[in-house]
Structures are given as structure tokens and as C-alpha cells.
Amino acid sequence: LTIADVMTPVEDIVTVDASRTARDFLNMMLAERHIAYPVFDGRQFVGIVTFEDVQSVQHETATVADVMTPIDDIETVTPSTTVTSVLRKLGDSESGRLPVVDKRGSLRGIVTRTDLIRAFRAVSAKRRDPDTIRVEATSDSGDSRTQNRSVSPSDVDAVSRDNRDS
């Protein structure tokens, strides 16, 4: 599974222009309800701006470009990066997101911790076969065995659970 499979594509991301005032951006942020946005100068991806970047801005003329984190200071990943690798990177980072860029540095998407959680849930759901039951048995000697068997629901007469303390 690669990041291209789980990221939010650039077409679905709200972006902000570098020349926008920080105050105007803060109002937009409150309306859009996200805490970080890719910043563009024209068609060029130039950085990320977050709520933390703008919350303490004092002067009215500050722009997003004045307060954003430039792309050179941000860790990025490519669409072919593995989900496992990104999970490690996000685990070591205070940020909950990473920009996904191509070889030219163009923004292709954003991957967030939430995207990864959704991907793992989807993979887990696919692995669970509704026609598979898990059988656990413990013998009198304490040996425990677990098996997964594929069965038809019509083959099951009863399910029994013994919760007695040994």
C-alpha cells in the first residue's frame, strides 16, 4: 500500500495564496475547519500554514507568506512512499500531516494520520471474512490452540462460550 492509495488528492484540498493576509486566512480557517493548509504562490507550492503560525500575529499587514513554514523546512513524501514509512515519519513528528509531492516538487496531495487510520481500517475490514470463524480451545493441560476456519453460516449449529475460571 502506498501513499497514493490513501492520501487526500490535491484536487480535494483547500489551499491558500501566499499573499493573503494572516487575519483573512484566520477567518477562512475558522470557516473551513482545518488547522493546516498548503500555501501557493501562483501555481508554485511554497509551504504550509497552520493555526499555530497565525494565532499570535499582531500586525494587520502580515501575510501568509510572512508566517508560513517554507517547503524547504518541511518533510515531504512522494506518492510511492509506503504507508509504513509514513506512519513512522508521522510518529516521530509533531505534525499530523505530510505534503505529498512529485519529483518536480509539485503538490500531489496531503497524507494525515486520519488518512492512515482510514486505510488501516479498510485493510482490516477486507481481511475479515464474514464466513470465517475463529476457534479457540484450551485443553485440561492448559495447552491453547487457535484456528481460523472458513465455514458456511448454514454449517454452524451453535456457538458456545465457556467463561469458567480454571
Side-chain angles (χ1 to χ4, degrees), residues 1-134 146 148-151 153:
L1 205 56
T2 66
I3 291 308
D5 300 316
V6 300
M7 71 181 188
T8 302
V10 70
E11 299 82 25
D12 296 340
I13 298 171
V14 176
T15 63
V16 63
D17 191 273
S19 64
R20 191 172 203 161
T21 67
R23 180 178 296 286
D24 185 41
F25 167 70
L26 187 56
N27 290 330
M28 182 203 89
M29 179 183 282
L30 295 172
E32 292 290 336
R33 306 186 96 178
H34 294 289
I35 59 169
Y37 297 83
V39 180
F40 281 81
D41 186 1
R43 296 180 67 159
Q44 177 82 27
F45 174 49
V46 294
I48 298 279
V49 65
T50 66
F51 177 73
E52 291 83 17
D53 294 332
V54 297
Q55 69 180 350
S56 60
V57 172
Q58 299 294 321
H59 51 93
E60 296 282 326
T61 60
T63 66
V64 168
D66 296 330
V67 298
M68 72 176 191
T69 303
I71 190 64
D72 293 340
D73 296 341
I74 300 171
E75 184 167 14
T76 63
V77 295
T78 66
S80 62
T81 305
T82 65
V83 168
T84 306
S85 175
V86 170
L87 188 59
R88 282 190 203 108
K89 289 179 184 202
L90 284 175
D92 294 339
S93 168
E94 291 182 21
S95 173
R97 75 209 57 81
L98 291 171
V100 181
V101 296
D102 62 19
K103 292 175 184 172
R104 296 183 322 263
S106 297
L107 185 68
R108 308 306 305 153
I110 296 279
V111 63
T112 65
R113 286 188 178 117
T114 303
D115 293 330
L116 296 176
I117 290 167
R118 279 190 202 115
F120 282 115
R121 283 184 181 155
V123 167
S124 293
K126 285 181 183 175
R127 287 186 179 160
R128 276 190 241 125
D129 181 352
D131 295 335
T132 298
I133 63 168
R134 180 179 171 136
T146 302
N148 291 321
R149 297 287 181 177
S150 182
V151 296

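Keep in mind that this is a model prediction, so the values were computed, not measured.
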Aromatic plane relationship, Tyr37 with Phe25 - under 30° parallel, 30 to 60° tilted, over 60° perpendicular: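 Perpendicular, since the angle between the ring planes exceeds 60°.
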For Ile110, the option from Ile3, Ile13, Leu98 that meets side chain to side chain contact (heavy atoms under 4.5 Å, CB included):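 Of all the options given, the one that passes is Ile13.
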Residue from Val39, Val16, Ile74 passing side chain to side chain contact (heavy atoms under 4.5 Å, CB included) with Ile48: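 The passing option is Ile74.
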Would you check if the side chain of [X] reaches a backbone N or O of [Y] as a donor-acceptor pair within less than 3.5 Å?
X	Y	result
Arg113	Leu90	yes
Asn27	Asp24	no
Arg23	Thr61	no

Atom pair [atom1]/[atom2] of [X] and [Y] - distance to nearest 0.5 Å:
X	Y	atom1	atom2	answer
Leu26	Arg20	CG	CZ	11.0 Å
Asp115	Asp5	CG	CG	12.0 Å
Thr8	Arg97	OG1	CZ	11.5 Å

Any side-chain heavy-atom pair of Thr76 and Pro99 under 4.5 Å: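 Yes. Closest side-chain heavy atoms under 4.5 Å.
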Would you say that Ser85 contacts Val77 through its side chain, given a criterion of any heavy-atom pair below 4.5 Å between the two side chains?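 Not in contact.
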If you look at every heavy atom in [X] and [Y], which pair is closest and at what distance?
X	Y	answer
His34	Met29	O-CG, 3.1 Å
Phe45	Gly105	CD2-O, 4.1 Å
Met7	Val111	CB-CB, 4.3 Å
Arg108	Asp102	CD-OD2, 3.4 Å
Ala119	Leu1	CB-CD2, 4.3 Å
Asp53	Val49	OD2-CA, 3.4 Å

Between the side chains of Thr78 and Ser80, does any donor sit under 3.5 Å from an acceptor?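 Result is yes, a qualifying pair exists.
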Check the pair Asp17 / Val46 against side chain to side chain contact (heavy atoms under 4.5 Å, CB included), numbers first and verdict last. CA-CA 10 Å; Asp17 191 273; Val46 294; over 6 Å; no
Run the side chain to side chain contact (heavy atoms under 4.5 Å, CB included) test on Val6 and Arg118 for me, step by step, so that the C-alpha distance in whole Å, both residues' side-chain angles and the decisive distance to 0.1 Å come before the verdict. CA-CA 8 Å; Val6 300; Arg118 279 190 202 115; over 6 Å; no
